Amino acid sequence: MNYWLFKSEAEVWSWDQQVAKGEAGEEWDGVRNYQARNNMRAMKLGDRGFFYHSRKETEIVGIVEVCAEAHPDSKANDPRWECVDIKAVRPFTKPVTLAMCKEDHRLKDMVLVNNSRLSVQPVTEEEWKIVCELGETDPS
DNA sequence: GCCAACGTTGGC
DNA sequence: GCCAACGTTGGC
C-alpha cells in the first residue's frame with residue numbers, strides 16, 4: 001500500500017464535491033505536469049491519499065482511495081495525460097493545516113512542505129501516520 | 001493581489 | 001543543448 005496527496009483548489013473541486021460522488025468516485029483530471037502524472041501512473045487500486053485544499057484553506061481535509069488505476073484523461077485531447085479515479089473514504093476529524101505540518105519537525109521532509117507546487121505527491125507511511133495523528137483521524 | 005518558485009517553450 | 005522569456009501555481 002502506498003500513500004499520496006492530491007491537491008485541489010476548493011473553488012475548482014472541493015472535498016464536498018468529492019464526497020457527493022460517493023463510491024463511484026471521480027476522475028482526478030486536469031493534471032498537466034509530468035511528475036504528477038508519473039505519480040498517478042505508480043498508483044495501485046486501494047492506495048490511499050490525502051485530499052488537500054490549496055491556496056485558500058491550505059489544509060488536509062480528508063482521506064481518499066484510488067478506485068481506478070491510471071487511464072487516459074477523458075478531458076485531455078492529448079494521450080500523454082493520464083489520471084486515476086479516487087473516492088472519498090472519510091473526512092478528517094480536525095483538518096491538518098499546512099502550518100501544522102511545517103511546525104512538526106517530523107514532517108520537515110514532506111513534499112507538501114518542500115515543494116508546494118507539485119499537485120500530486122507521494123507521502124511516506126511515517127508521514128501518513130503523523131498527519132492522521134495530528135488530525136485525530138483513523139489512518140486505516 | 002503580489003510575487004517567488006517552478007515548468008515549459010522556442011529562438012539561436 | 002542552452003537559456004531567456006513566458007505562463008502557472010500557490011503561499012502569504
Side-chain angles (χ1 to χ4, degrees):
Chain A
M1 160 98 68
N2 285 305
Y3 300 98
W4 309 93
L5 182 144
F6 298 86
K7 296 207 292 199
S8 181
E9 292 193 48
E11 289 79 2
V12 178
W13 182 254
S14 71
W15 171 252
D16 287 342
Q17 284 171 289
Q18 185 68 53
V19 170
K21 286 286 173 180
E23 282 296 301
E26 177 74 0
E27 270 191 328
W28 195 259
D29 57 43
V31 171
R32 301 289 180 270
N33 170 285
Y34 291 110
Q35 220 181 328
R37 185 208 58 190
N38 291 343
N39 286 335
M40 289 200 287
R41 279 185 174 169
M43 293 180 191
K44 299 288 182 214
L45 268 183
D47 277 1
R48 292 295 171 100
F50 291 135
F51 192 107
Y52 175 82
H53 278 165
S54 66
R55 224 172 127 76
K56 205 171 169 197
E57 294 88 355
T58 65
E59 60 192 17
I60 295 167
V61 291
I63 292 176
V64 295
E65 180 178 319
V66 175
C67 60
E69 293 182 8
H71 56 82
D73 183 334
S74 68
K75 296 193 179 60
N77 295 319
D78 190 329
R80 283 181 301 173
W81 302 119
E82 299 178 15
C83 61
V84 296
D85 291 8
I86 60 172
K87 65 180 183 184
V89 174
R90 75 177 66 88
F92 266 68
T93 308
K94 288 195 330 192
V96 177
T97 64
L98 180 61
M100 287 163 69
C101 293
K102 285 186 169 175
E103 279 168 20
D104 197 310
H105 71 279
R106 294 173 298 172
L107 296 175
K108 67 175 167 44
D109 293 326
M110 202 175 171
V111 181
L112 184 67
V113 172
N114 294 298
N115 182 3
S116 63
R117 299 211 34 212
L118 184 59
S119 61
V120 178
Q121 313 176 347
V123 173
T124 67
E125 189 174 0
E126 185 75 20
E127 290 161 353
W128 183 268
K129 286 177 182 164
I130 294 166
V131 171
C132 288
E133 175 198 312
L134 293 174
E136 297 173 10
T137 297
D138 179 4
S140 67

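Order of the sequence lines sets the chain letters (A, B, ...), proteins ahead of strands, with each chain counted from 1. Small disclaimer: the values here were computed from a predicted structure and weren't measured. Side chains are part of it too, since the values below use all heavy atoms of this structure and drop only hydrogens, waters and symmetry mates.
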Atom pair distance, as rounded to whole Å: CZ in A:Phe6 and P in C:dT9: 18 Å
Whole-Å gap separating P (C:dC12) and CG (A:Leu112): 10 Å
Length of the CG-C1' vector between A:Asn114 and C:dT9, whole Å: 17 Å
Candidate nucleotides C:dG10, B:dC6, C:dC12, ranked by approach to the side chain of A:Asn115 - the nearest: B:dC6
Shortest non-hydrogen contact between A:Cys132 and A:Phe50, atoms and distance: SG-CE2, 4.1 Å
Per A:Ser119 side chain, nearest of listed nucleotides C:dC12, C:dG10, B:dC6: C:dG10
Presence of donor-acceptor pair under 3.5 Å, side chain of A:Arg117 and base of C:dT8: yes
Sugar-phosphate, base or nothing in reach of A:Glu9, heavy atoms under 4.0 Å: nothing
Distance, rounded to the nearest Å, where A:Trp13 contributes CH2 and C:dG10 contributes C1': 21 Å
No-hydrogen, no-angle side-chain donor-acceptor test under 3.5 Å, A:Asp16 and A:Ser14: no
Atom-pair distance (CZ on A:Arg37; P on B:dG7), nearest Å: 14 Å
Same cluster (ILVMFWY, side-chain, under 4.5 Å), A:Leu107 and A:Val96: yes
Full working for side chain to side chain donor-acceptor pair (under 3.5 Å) between A:Asp85 and A:Trp28: CA-CA 6 Å; A:Asp85 291 8; A:Trp28 195 259; over 6 Å; no
A:Glu11 CD - C:dG11 P separation (whole Å): 12 Å
Distance below 4.0 Å between A:Tyr34 side-chain N/O and B:dC6 OP1 or OP2: no
Nearest-Å distance for atom pair CD/P, residues A:Glu59 and C:dC12: 13 Å
Side chain to side chain donor-acceptor pair (under 3.5 Å) between A:Gln18 and A:Trp13, intermediate numbers included: CA-CA 7 Å; A:Gln18 185 68 53; A:Trp13 182 254; 2.9 Å; yes
Residue whose nearest DNA chain B nucleotide is more 5′ - A:Arg55 or A:Arg80: A:Arg55
Short side-chain N/O contact to C:dG10 OP1/OP2 from A:Lys56, under 4.0 Å: no
Nearest-Å distance for atom pair CH2/P, residues A:Trp81 and B:dG7: 12 Å
